[in-house]
Amino acid sequence: MPPHAPLAGKHKGSFAEKTITQRLPTILNGALADGEALYKRYGGNEQAIAQVRAALNGIQAVRDSMQANSALLPLAAPSGKAAALCHPRLPEMVIATNEALDLWKAHTGEDSWLGLPWLMVECYMYTAIATAIQSQPLLAGGTTGSSYGSHMTSLDIGTYDPFLVQKQSAWAKSSSAVAELATAIEAIHADLQRGGPLREAMSHPERQGAVQQKLFEVVQYCLWGNKTDLSLRQDAALDAAASLAETERAMVRGGGHEGSSSSSSSAGPASTNPLIVNEYVGLWEHLKGVARAQGGQGGRVDIIMDNSGLELYGDFVLGDFLIETGLASQVVFHGKCLPWFVSDTTITDFTQTLTSCQQPYSPASPGSPQSTQGQQPSEAWGAVTRLGKRWGEHLATGRWRYTDHPFWTTPAPFCWMEAMAPELYSELSGSSCMVTKGDLNYRKLTSDCRWPAHTRWGDSFLGWLPAPLLSLRTCKADVVTGLAEGQAKALNMVDPEWQVNGKFGMIQFTKEK
């Protein structure tokens, strides 16, 4: 267990309390509304309606328990016909969630939504949603034999994702930023190719300075894409369109903050630079050293992803740059087994986004007429299409690979990984560099507890570090380590909400526990 108190909703006025009492019930209401829409599509099929109703009853029970601050009860994995149809790793997730629940109940003496650690109850909620949905055979991926009637196909409703429409809508709305960023990326690659073939750049010392500068731009694109977290935009009082537009502006300008540079540092106590930690130089020196040791070809990089949509697109941009410059020989993208924290990337999101980038036109919003060909004219989307085709080649040749593991969808902090998921820990040990994206990964990395902000970053891992680590995060949760002495106090004077409003970013890198 961590050496400091875990963040929890019982702390009055905390972001955790607001999340559990306001944001999470709103997310559950959204999932219920999305499920209610299925009635209109399948109103003539009584068996399907019964299964949808049963799933919604399960989700509603979670919401009611949360709003009453009741005790969290052990979850049950799907049984009967649904057990054979549900995601094969869901039972492992349920077991891991229940084991963590027992541990935290024993450690804290608490059993309620507000009393138990925030990370525990938030992960519990999403696992409960998954079990409610996948306990119904049709929603778990059942086929549509005659017993289910002629109205349905497995593609209509199988492996149902209650957040899919939100994710697709956000992706469609970001098409302008996607197109603009693609043009910027093509320009970056063109600049580097003036010195010769791009994949030979790391073999020529005189070209490495340019690669270092351009990689820093790409890393910032990848960082600021993390502002797009749909789980934080569920509050009706928050203007989601404005939030997405702000993210797009930040990505397109690569962070766009005057005074940002590739020099490695924590910003000083009086700094108002939104990039509050910048340890990029350590990352660069490490990647350069790996490539030098291997004759100009880097090793495997593992990106432990966060959000789909615009952030995933930024992950693609980073993965492409690493391959094209020879800084990586392979990029492995780690996603979530099941819908998680509203917008986290699943295999469906990964595949649909990559496919969308390969089309000659931008994506249309869900529900638009089939004749609608998106929001960007084909010429504006051309750079996206060219990148998408190259990315498809990366995937087809094995230079890119997608994988997922149930550990990422449990409440377990990373320091439990070696014991709980030794095969995953072993796989990551073979990476030349891990990249963790976003706040959920950061919370699990640091055990989501009340560390002093100036704690040495590696100390907060509690012994976990299978490979060198880069963390890219815009701050949307309280926990933070690795700041300079006095920096947190100075930031509080600049913006009291700096830890949770997503306006401040961190590039942290280490090779030491």
_My understanding is that only residues two or more places apart in sequence, or in another chain, count here; which of them pass side chain to side chain contact (heavy atoms under 4.5 Å, CB included) with Thr481?_
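With neighbours one apart ignored, the set is Tyr442, Thr446, Trp451, Thr455, Trp457, Ser460.
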
How would you list all residue pairs meeting side-chain hydrogen bond (donor to acceptor under 3.5 Å, both in side chains) that involve residues 423-432, not counting sequence neighbours?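 Checked against side-chain hydrogen bond (donor to acceptor under 3.5 Å, both in side chains) - neighbours excluded - the pairs reaching residues 423-432 are Asp302-Ser431, Arg401-Glu427, His405-Glu423.
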
- prompt: Going by the side-chain hydrogen bond (donor to acceptor under 3.5 Å, both in side chains) test, which pairs reach into residues 321-331, not counting sequence neighbours?
  reply: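 Listed by first then second residue: Arg199-Glu324.
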
Quiz prompt | Residues in salt bridge (Lys or Arg N to Asp or Glu O under 4.0 Å) contact with Glu186, at least two apart in sequence or another chain | solution =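 Listed in chain order: Arg386.
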
Are [Y] and [X] an aromatic pair, judged by ring center distance below 6.0 Å?
X	Y	value
Tyr361	Trp381	no
Trp400	Phe316	yes
Trp118	Phe15	yes

| query | Thinking salt bridges, do Arg390 and Glu393 make one under a 4.0 Å N-O criterion? | reply |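 No salt bridge links Arg390 with Glu393.
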
**Study point:** N-O pairing of Asp404 and Lys336 below 4.0 Å
**Key:**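 Looking at Lys336 together with Asp404, the answer is no, because their closest N to O distance does not fall below 4.0 Å.
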
TODO: Would you list the pairs meeting salt bridge (charged side-chain N to carboxylate O under 4.0 Å, His left out) in which at least one residue belongs to residues 447-464, sequence neighbours left out?
DONE: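 As it turns out, the salt bridge (charged side-chain N to carboxylate O under 4.0 Å, His left out) pairs with a partner in residues 447-464, which skip direct neighbours, are Arg443-Asp448, Arg456-Asp459.
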
Salt bridge (charged side-chain N to carboxylate O under 4.0 Å, His left out) pairs, two or more places apart, involving residues 345-358:
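Checked against salt bridge (charged side-chain N to carboxylate O under 4.0 Å, His left out) - neighbours excluded - the pairs reaching residues 345-358 are Lys167-Asp349.
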
> Got a donor-acceptor contact below 3.5 angstrom from the Gln166 side chain to the Gly30 backbone?
Replying inline: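 No, Gln166 side chain to Gly30 backbone: no donor-acceptor pair under 3.5 Å.
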
Donor-acceptor contact present, side-chain Asp161 to main-chain Pro339, <3.5 Å
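No, because the side chain of Asp161 does not come within donor-acceptor range (under 3.5 Å) of the backbone of Pro339.
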
